[in-house]
Chemist: 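Structure below; questions to follow.
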There are 2 protein chains.
Amino acid sequence: MKNSRTAYVILGMLSIQPNLSGYEIHKAIEDNFGSFWGESYGQIYPSLKRLVAEGLIEPGKLVSGPGRRRQGYALTDAGRASLREWLALPFQNDPPRNEFLLKLFFGGEAMPGVSLAHVRELNERNRRTLTTLEGIESMARGIQSQNKPYWMLTLGLGLALTRAALDWGESALVELAAMEAAAVGVDSLRG
Amino acid sequence: MKNSRTAYVILGMLSIQPNLSGYEIHKAIEDNFGSFWGESYGQIYPSLKRLVAEGLIEPGKLVSGPGRRRQGYALTDAGRASLREWLALPFQNDPPRNEFLLKLFFGGEAMPGVSLAHVRELNERNRRTLTTLEGIESMARGIQSQNKPYWMLTLGLGLALTRAALDWGESALVELAAMEAAAVGVDSLRG
DNA sequence: CGTGGCATGTAAACGGTTACATGATTTA
DNA sequence: TAAATCATGTAACCGTTTACATGCCACG
């Protein structure tokens, strides 16, 4: 396992909640990290296998629930040590990929209304994200854990970024609408 | 060429500045899109070849400058049409990957000082980003183009997000420092 | 003239997603 | 017990990065 950050997300999840299954880990990542991380089953299940082979986790109890019984896993001491090592390493900046910004930048080349539609769509997505994050926030209010301060900090950045994007989106909407109107006006003068 | 967004970034770049070479396209992407997009030579050169084969761009003049002569490329009508098509398509949300947030979330498991160091590092990176973006902003002030409003909008979101992250970072620093101090205090009481 | 770095190009490796396959467990 | 869904597992594919190879131009 060379670079696999999947493994560390798994170790991390198991460090805060023991005996999670692959399925539950996937769900936990989606629910809690959805706005800043993602893992597919195609990554998770093979990683679990390798982690067991390396002795960083071990199979635990079978978990019942809706559907098939799930195989839970638990962190070993070696696993916890490995997680701690990784946490102390400098975090890497993942290659930035924001297709929205790309399309907006080239908006001058697009057909009328295109950029406006993109901004509207971005705002919708951000509103959904904000709702999700606020949901997590109110969930979090109830629980108590020594990890909570870190969770709230994480949540705080997500909220701050989403709100900033939403603020920008509102004003961009106004600006773009004015531009389009002006362009139409010029067109009709010319036409 | 199925999904290659590389191709469209290239088309886009050529749409606003004709006769760019692969090298110059790479540099332009890094300089202007550095905070939200990236392309490697390993993507750019093969893409240029395919775009020529498909008639979306065509080899243009040899560009002189420092170093070896560069092969410039120009957008064809078909290329411009293809760009416009792509721009009108819904933008895709790229898989979110923020390793910083991941490590911060699991901060409770890390050794003392780790999260604080990460936040400090994040702030440094964001300050650099902010400087870069402000540099672009003052550059942009001079030029005039019908594309400028879109460029300023793009820049505006980058600035807003970076500033929001920086604001968060400042307060997170204070909070974490307080937490660490408290933890040390408790430790010494226990010890 | 030769050497250093600029510009182009390519192959292999990698992380990750997608699509598909297959048991197991409810529930109707 | 049939249908539906849940949970696990895997193989192929895809875009991208990395590392390496190579010629060309400017400059010492």
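Not measured: the values here are computed from a predicted model. The chains referred to below are lettered A, B, ... by the order of the sequence lines, with proteins before strands, and numbering in each begins at 1. When reading the values below, keep in mind they use all heavy atoms of this one structure, side chains included, and skip hydrogens, waters and symmetry mates.
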Chemist: For Gly22(B), which contact category applies under a 4.0 Å heavy-atom criterion: base, sugar-phosphate, or nothing?
Modeler: sugar-phosphate
Chemist: Let me know the distance between CD of Gln92(A) and C1' of dT16(D), rounded to the nearest Å.
Modeler: 13 Å
Chemist: Between Arg97(B) and Pro46(B), name the one whose nearest nucleotide on DNA chain C is closer to the 5' end.
Modeler: Pro46(B)
Chemist: Please indicate whether Lys148(B) has more than 12 foreign heavy atoms, meaning atoms of other residues, nucleotides or ligands, lying under 6.0 Å from its NZ.
Modeler: yes
Chemist: Distance check: side-chain N/O of Tyr45(A) vs OP1/OP2 of dT8(D), anything under 4.0 Å?
Modeler: yes
Chemist: How long is the line joining CD1 of Ile25(A) and P of dA7(D), in whole Å?
Modeler: 13 Å
Chemist: Can you tell me how far P of dA7(C) sits from OH of Tyr73(B), to the nearest Å?
Modeler: 14 Å
Chemist: Lys49(B) side chain N/O closer than 4.0 Å to the phosphate oxygens (OP1, OP2) of dT10(C)?
Modeler: yes
Chemist: Between Glu124(A) and Arg120(A), does at least one N-O distance fall below 4.0 Å, as a salt bridge requires?
Modeler: no
Chemist: Between atom CD1 in Ile10(B) and atom C1' in dT8(C), what is the gap in whole Å?
Modeler: 13 Å
Chemist: Kindly assign one of parallel, tilted or perpendicular to the pair His118(A) and Phe91(B), based on the angle between their ring planes and the thresholds 30° and 60°.
Modeler: perpendicular
Chemist: For a quick test of reading the model: is some side-chain N or O of Ser40(A) closer than 4.0 Å to OP1 or OP2 of dT18(C)?
Modeler: no
Chemist: Which residue lies toward the 5' end of DNA chain C, Gln43(B) or Tyr41(A), if each is placed at its nearest nucleotide?
Modeler: Gln43(B)
Chemist: Find the distance Asp94(A):CG to dT16(D):P and express it as a whole number of Å.
Modeler: 14 Å
Chemist: Below the 4.0 Å mark, does dT8(C) have OP1 or OP2 next to a side-chain nitrogen or oxygen of Ser21(B)?
Modeler: yes
Chemist: Quick check on dA7(C): is either OP1 or OP2 less than 4.0 Å from any side-chain nitrogen or oxygen of Tyr23(B)?
Modeler: yes
Chemist: Would you say dA24(C) has OP1 or OP2 under 4.0 Å from some side-chain N or O of Arg70(A)?
Modeler: no
Chemist: What integer distance in Å separates Tyr8(B):OH from dG15(D):P?
Modeler: 12 Å
Chemist: Can you find a side chain N or O atom of Thr6(B) that sits less than 4.0 Å from OP1 or OP2 on dT16(D)?
Modeler: yes
Chemist: Got a sec: does the CD of Gln17(B) have more than 12 other heavy atoms crowding it under 6.0 Å?
Modeler: no
Chemist: side-chain hydrogen bond (donor to acceptor under 3.5 Å, both in side chains), that's the test. Do Glu24(B) and Ser21(B) meet it? Break it down for me.
Modeler: CA-CA 5 Å; Glu24(B) 291 167 313; Ser21(B) 69; 3.1 Å; yes
Chemist: Without decimals, in angstroms, what is the distance between Leu62(B) CG and dT8(C) P?
Modeler: 10 Å
Chemist: Please state how far atom CG in Leu20(A) lies from atom C1' in dA7(D), giving the value in whole angstrom units.
Modeler: 14 Å
Chemist: So, does Arg69(A) get its side chain near the phosphate of dC6(D), meaning an N or O under 4.0 Å from OP1 or OP2?
Modeler: no
